[in-house]
Amino acid sequence: MASSEPTPTTSFLRDLHIRFIENLDKQKDSLEYWMSEHLRLNGVYWGLTALALMGRSEVLDREDVIKYVLSCYHDVGGFGGHPGHDPHLLYTLSGIQILATYDALDRIDRAQVAKFVSSLQKKDSGAFAGDEWGEVDTRFSYCAVACLSLLGALDQIDLDRAVAFVAQCRNFDGAYGSEPGAESHAGQVFCCVGMLAIANRLDLIDQDMLGTWLADRQLKNGGLNGRPQKLEDVCYSWWVLSSLATIGRVHWIDREKLRGFILSCQDPETGGIADRAGDVPDVFHTLFGITGLSLLNYENLDPVDPVYCMPLSVTRRLGVARPPLSP
Ligand code: FPP
Ligand code: ZN
């Protein structure tokens, strides 16, 4: 049938995505590059993880990446987003994830990192701040326990109190927000479910109610949103689907339609995946499109750990991967 409409992309553009990530570091003259300086360590984690799931981590030079990660380290035990930037839990987790992926955790003083992370726990509530100045947020509870678990140092915090704080962030709809009373949001659900999984306390979740809320995030076009009344966005293919995977309910959404949505957000010219079709691709949405496809078991990607957002082969090697829950 003749048509002037562009054909939607229906195949996974693996080679283009590999080239897209490989070229990211070569765009040093672009405004986006300089404006995202504070996120650089996160960006390396996103790119490396996407490459690893496509079986091509060697595209980045291991020793160069490790040197860069170490250049973001502060003696206090935390990592900043780029050399010269203050340490924060968001970047400390990325630093640990990259080193763990490269089996290079022995290149840092693990005890000092554990000390930095545990110093950010509030004695009274059990919550975590992202740095010494910041507000508490369930994102930081997740970053803290994920870091400590990867370092084998969960005993350095009051885990029961940390769990109690996250449990208080559950809402009437069974989903979770950033602090007690805050609106349910799928990104925070990922953090709370992941944190409770690491603490071995998935029993505190109303899994059917949460599963229903998560499955309701799928829209007619197959994409997932992060909250009711919001637009679909590829990154929620991760935040929503990983949470469903951890509670054993991926089959509660239409997998084929979600696959079609993610593939439609690929850029057929430059490679990379955007938040939605036709938008400019970036490494963040490229990773979460790929992790979503991996959780759906499509495109022959390596399996991703739904709790740590790292290759399952790495979390298995470290002995922290959870066996999947039976549906
Ligand atoms: C949505 O943010 C996402 C979140 C709130 C979750 C962020 C999770 C972390 C920082 C933990 C570390 C993550 C990994 C994968 C290891 P948004 O600001 O895009 O939300 P919006 O769509 O409402 O704007
Ligand atoms: Zn997004």
Side-chain angles (χ1 to χ4, degrees), residues 36 38-39 41-50 52-53 79 81 88-101 117 128-131 134-150 166 169 175-179 182-198 214 217 219 223-243 245-246 261-262 265 272-277 279-292 294-295 304-312 314-315 320:
S36 64
H38 63 290
L39 289 174
L41 188 57
N42 288 154
V44 174
Y45 154 67
W46 298 329
L48 172 65
T49 305
L53 295 175
F79 292 80
H88 193 286
L89 275 183
L90 287 171
Y91 310 114
T92 302
L93 176 57
S94 287
I96 297 298
Q97 287 170 309
I98 297 167
L99 294 176
T101 300
V117 174
F128 282 83
D131 61 20
E135 296 298 306
V136 304
D137 183 318
T138 47
R139 282 179 303 158
F140 310 138
S141 298
Y142 167 79
C143 291
V145 296
C147 266
L148 294 175
S149 169
L150 291 168
V166 169
C169 298
Y176 293 80
S178 58
E179 57 182 332
E183 181 190 10
S184 294
H185 183 297
Q188 308 290 346
V189 171
F190 162 78
C191 294
C192 295
V193 169
M195 189 281 176
L196 293 172
I198 293 168
L214 289 166
R217 306 279 55 80
L219 304 177
L224 305 175
N225 67 11
R227 283 173 283 173
Q229 318 301 334
K230 295 283 178 181
L231 287 178
E232 68 284 356
D233 178 332
V234 159
C235 63
Y236 291 98
S237 309
W238 171 254
W239 309 121
V240 172
L241 203 58
S242 59
S243 307
T246 301
F261 169 73
I262 297 172
C265 298
I273 303 176
D275 56 354
R276 55 188 79 87
D279 286 354
V280 179
D282 59 75
V283 64
F284 177 83
H285 290 94
T286 301
L287 170 64
F288 294 128
I290 288 173
T291 54
S294 166
L295 284 177
V304 64
D305 186 309
V307 169
Y308 293 92
C309 196
M310 294 164 66
L312 194 57
V314 173
T315 56
V320 297

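We count ligands from 1, going down the list as the structure has it; atoms in each ligand are counted the same way. Side chains are part of it too, since the values below use all heavy atoms of this structure and drop only hydrogens, waters and symmetry mates. Numbering of residues begins at 1 and proceeds along the displayed sequence.
Within the structure, the closest approach of Lys230 to ligand 1 does not fall below 4.0 Å when heavy atoms are considered. At least one heavy atom of Cys191 sits closer than 4.0 Å to an atom of ligand 1. In this structure, His185 is part of the shell of residues with a heavy atom less than 4.0 angstrom from ligand 1.
Checked against the Zn ion (ligand 2), the N, O or S atom of His285 at the shortest distance is NE2.
Residue contacts with ligand 1, taken as heavy atom pairs separated by less than 4.0 Å, involve Tyr45 solely via side-chain atoms from C-beta onward. At a heavy-atom cutoff of 4.0 Å, ligand 1 is contacted by the side chain of Gln97 but not by its backbone. No part of Asp233 comes within 4.0 Å of ligand 1, judged by heavy-atom distances. The part of Tyr236 lying near ligand 1 is the side chain, judged by heavy-atom distances below 4.0 Å.
Polar contact with ligand 1: absent for Trp239 (N/O pair, distance under 3.5 Å).
Among the backbone and side-chain atoms of Asp233, an N, O or S atom lies under 2.8 Å from the Zn ion (ligand 2).
Here the closest heavy-atom approach between residue Ile273 and residue Ile262 is recorded as CG2-O, 4.3 Å.
For His285 and Tyr236, the ring centers sit 6.0 Å or farther from each other.
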